[in-house]
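These notes concern the structure reproduced below.
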Protein chains: 2
Amino acid sequence: MKQDEGKCKTYLIHPNTVEKVLQDIPQEELLIDLADFFKIFGDTTRIRILSALFVTEMCVCDLSEVLGVSQSAMSHQLKTLRQAGLVKYRKEGKSAVYSLKDNHVKQIIDTGIIHITEQ
Amino acid sequence: MKQDEGKCKTYLIHPNTVEKVLQDIPQEELLIDLADFFKIFGDTTRIRILSALFVTEMCVCDLSEVLGVSQSAMSHQLKTLRQAGLVKYRKEGKSAVYSLKDNHVKQIIDTGIIHITEQ
DNA sequence: ATTATATATGAACACATGATCATATATAGG
DNA sequence: CCTATATATGATCATGTGTTCATATATAAT
């Protein structure tokens with residue numbers, strides 16, 4: 001085995017494979033967006049909010065009541081979820097009624113549950 | 001509409017619905033584990049590592065070369081991925097060859113890609 | 001108009017997290 | 001045994017993140 005341009009002196013994979021990896025990995029920007037997307041699910045409060053919205057749409061006030069989260073924290077988190085395109089809301093009198101935007105969310109969370117329960 | 005034990009004076013959902021939400025939401029501990037699980041995907045470096053391992057198994061050294069990440073940072077991240085049960089490795093001489101542990105990972109990442117590209 | 005209720009938001013703060021640096025461990029070769 | 005190579009790991013540090021607090025905005029009711 002001749003040494004390669006790679007960092008390892010005793011390389012284990014073929015140079016062509018390294019080349020292939022570099023070609024096959026998705027665009028850097030897509031991966032950044034992807035990480036940002038998953039970051040949303042990486043918080044217990046947000047996961048609980050989404051779980052609650054699986055059952056029914058709810059106003060901010062009821063959401064914070066049900067989950068035991070302060071009104072302010074709830075509002076901040078809902079803003080995050082809105083900006084991520086995971087929830088939508090409509091105004092109804094003084095209230096804002098939040099609901100899930102689509103069902104990718106449930107699909108992703110369910111896959112996660114399957115993974116961790118199978119471990 | 002009579003006032004309820006809920007926080008909102010003008011409640012929008014039925015008390016029974018609130019009850020149902022509280023019953024239907026998964027166990028608190030499961031949701032914490034779930035958030036911890038997704039937290040792993042919420043980092044660009046880790047997403048890039050997983051993406052590279054989709055193509056082929058690789059040693060630490062080659063991985064850091066391919067992704068342009070320092071050896072130390074790579075080792076730390078691989079430890080995180082190992083502890084999350086997403087990658088496994090075997091020793092081969094001086095090297096440690098890492099690979100994906102199962103294919104839930106690819107499934108989850110693919111679902112994420114579908115979501116963000118459809119937006 | 002004034003007051004109460006519902007939600008949103010900016011600032012501050014405490015805590016988590018990821019990278020770096022230095023160093024330890026492990027294995028192979030001479 | 002000594003050295004070089006590959007990987008792991010603890011400590012430090014800068015940055016990111018989520019909550020709280022105070023306050024602003026919006027709508028409804030009297």
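Every chain is numbered from 1 and lettered A, B, ... according to where its sequence line falls, protein lines coming before strand lines. No experiment lies behind these values; they were computed from the predicted model shown.
A straight line from NZ of A:Lys39 to P of D:dT15 spans 16 Å, rounded to a whole angstrom. A straight line from CZ of A:Arg48 to P of D:dT19 spans 10 Å, rounded to a whole angstrom. The separation between A:Tyr89 atom OH and C:dT7 atom C1' is 9 Å, rounded to whole Å. The interatomic distance linking B:Gln77 (CD) with C:dT17 (C1') rounds to 10 Å, in whole Å. In this structure, CE of B:Met74 is placed 16 Å from P of C:dC21, rounded to the nearest angstrom. The CD atom of A:Glu92 sits 11 Å away from the P atom of C:dT7 (whole-angstrom rounding). Atom C1' of nucleotide D:dT7 and atom CD of B:Glu65 are separated by 16 Å, given to the nearest angstrom. When the P atom of D:dT9 is taken as reference, atom CD of B:Gln83 falls 9 Å away, rounded to whole Å.
Along DNA chain C, the nucleotide nearest A:Lys91 and the nucleotide nearest A:His76 are compared for position; the residue whose nucleotide lies closer to the 5' end is A:Lys91.
Counting any heavy atom pair closer than 4.0 Å across all strands shown, A:Thr80 reaches no nucleic acid atom.
In this model, a side-chain donor or acceptor of A:Ser72 finds a partner on the base of C:dT9 within 3.5 Å.
Within 6.0 Å of the CD atom in A:Gln27, the count of heavy atoms belonging to other residues, nucleotides or ligands does not exceed 12.
Listed candidates were C:dA8, D:dT19, C:dG10. Nearest to the side chain of A:Ala73 is D:dT19. Residue B:Gln71 places its side chain closer to D:dA8 than to any other of D:dG18, D:dC21, D:dA8.
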